[in-house]
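Each remark here refers to the structure printed beneath this line.
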Amino acid sequence: QVQLVESGGGSVQAGGSLRLSCAGFGYIDWIRMGWFRQAPGKEREGVAAISPASGRTYFADSVKGRFTISRDNAKRTMYLQMNNLKPEDTAVYYCAADLSSGSWSQSASYKYWGQGTQVTVSS
């Protein structure tokens, strides 16, 4: 059974940092893995993605220079390091994975999803 489990969310003040983790169980050869977020009243948006085999990364303009994405293949875990957090980064963050390489920022490109972890940034 395939399962993605996020951890690392929490509450921080603006300018602070958090690192999210996404552990994958049941499958290891993902073609694409990504992080999405959804704030109250807003649509889910792509934040970052990584192709585990090549290491290629993708970022939304709103997080470029502040967030980094990485993958530890041995641990089957993906990370999202979030620095210089802003109140507008407040959202539930989801990790996602798929066996194909569709548009990285479209949620429809991912079949498997984690349960989400809350990130709250106060000003």
Side-chain angles (χ1 to χ4, degrees):
Q1 181 178 358
V2 175
Q3 189 176 15
L4 300 176
V5 180
E6 302 108 333
S7 61
S11 298
V12 295
Q13 291 189 327
S17 299
L18 284 173
R19 188 176 80 156
L20 305 183
S21 300
C22 174
F25 302 93
Y27 199 83
I28 60 173
D29 293 332
W30 302 112
I31 298 300
R32 179 76 54 75
M33 299 187 75
W35 288 97
F36 286 73
R37 65 187 181 188
Q38 188 165 19
K42 294 187 177 181
E43 293 187 355
R44 189 171 297 188
E45 63 171 347
V47 176
I50 186 168
S51 297
S54 66
R56 184 175 180 181
T57 58
Y58 310 80
F59 295 95
D61 289 342
S62 59
V63 305
K64 281 182 181 177
R66 300 188 298 123
F67 290 12
T68 57
I69 187 171
S70 61
R71 156 90 171 167
D72 186 328
N73 290 332
K75 295 183 178 180
R76 304 179 186 180
T77 301
M78 175 178 65
Y79 304 97
L80 184 68
Q81 177 67 44
M82 305 185 292
N83 297 327
N84 191 21
L85 282 161
K86 303 176 181 181
E88 51 264 42
D89 294 318
T90 295
V92 177
Y93 283 70
Y94 300 89
C95 72
D98 203 83
L99 304 177
S100 62
S101 56
S103 173
W104 78 266
S105 62
Q106 299 298 313
S107 58
S109 297
Y110 299 84
K111 180 178 180 180
Y112 301 96
W113 292 83
Q115 80 287 355
T117 185
Q118 177 71 45
V119 171
T120 302
V121 185
S122 58
S123 58

- Message: If hydrophobic clusters are built by linking Ile, Leu, Val, Met, Phe, Trp and Tyr wherever their side-chain heavy atoms come under 4.5 Å apart, do Leu18 and Phe59 end up in the same one?
- Response: yes

- Quick one: OG on Ser100 to CH2 on Trp30, what's the gap to the nearest 0.5 Å? 10.5 Å

- Do Tyr93 and Ile69 belong together in a cluster built from hydrophobic side chains that touch within less than 4.5 Å? yes

- Out of curiosity, Gln13 CD to Ser123 OG, how far, rounded to the nearest 0.5 Å? 9.0 Å

- Query: Atom CG of Leu20 and atom CE of Met82: how far apart are they, to the nearest 0.5 Å?
  - Reply: 3.5 Å

- What pairs with Arg66 under salt bridge (charged side-chain N to carboxylate O under 4.0 Å, His left out), at least two apart in sequence or on another chain? Asp89

- Query: Judged by atom type as modelled, is there a donor-acceptor pair below 3.5 Å linking the side chain of Glu6 to the main-chain atoms of Gly116?
  - Reply: yes

- Item | Approximate separation, where rounding is to 0.5 Å, of Lys64 NZ and Thr57 OG1 | 9.5 Å

- Message: For Ala91 versus Ala39, what's the shortest heavy-atom pair and its separation?
- Response: CB-N, 3.8 Å

- Flag the pair Tyr58 / Arg32 as yes when at least one side-chain heavy-atom distance between them is below 4.5 Å, and no otherwise. yes

- Here the pair of heavy atoms bringing Pro52 nearest to Arg71 is CB-NE, 4.0 Å

- Task: Kindly work out whether a path of hydrophobic side-chain contacts (I/L/V/M/F/W/Y, heavy atoms less than 4.5 Å apart) joins Leu80 to Met33.
- Result: yes

- So, does Thr120 use its side chain to make a donor-acceptor pair with the main chain of Thr90 at under 3.5 Å? no

- Is Ile31 linked to Tyr112 within one hydrophobic cluster, defined over Ile, Leu, Val, Met, Phe, Trp and Tyr using a side-chain heavy-atom separation of less than 4.5 Å? no

- Note on the structure: Separation between CZ (Arg19) and CD (Gln81), nearest 0.5 Å, reads 7.0 Å

- Item | Pair Asn83-Ser17, side chain to side chain contact (heavy atoms under 4.5 Å, CB included): steps then yes or no | CA-CA 4 Å; Asn83 297 327; Ser17 299; 2.9 Å; yes

- Note on the structure: For Glu45, the salt bridge (charged side-chain N to carboxylate O under 4.0 Å, His left out) test, sequence neighbours excluded, returns Arg37

- Query: Would you call Asp98 and Ser109 a side-chain contact if the rule is heavy atoms closer than 4.5 Å?
  - Reply: no

- Query: Is the closest side-chain heavy-atom distance between Arg44 and Trp113 below 4.5 Å?
  - Reply: yes

- Task: State the SG-OH distance between Cys95 and Tyr110, to the nearest 0.5 angstrom.
- Result: 11.0 Å

- Any link between Tyr94 and Val121 through a network of hydrophobic side chains (Ile, Leu, Val, Met, Phe, Trp, Tyr) touching at under 4.5 Å? no

- Item | Nearest non-hydrogen partners of Val47 and Phe36, listed with the distance | CG2-C, 4.0 Å

- Task: Compute the ring centroids of Phe67 and Trp35, then answer whether they are less than 6.0 Å apart.
- Result: no

- Item | Closest non-hydrogen atom pair between Val92 and Gln118, with its separation | CG2-OE1, 3.2 Å

- Query: For Thr77, which of Ser70, Ser21, Cys22 qualifies under side-chain contact (heavy atoms from CB on, under 4.5 Å)?
  - Reply: Ser21

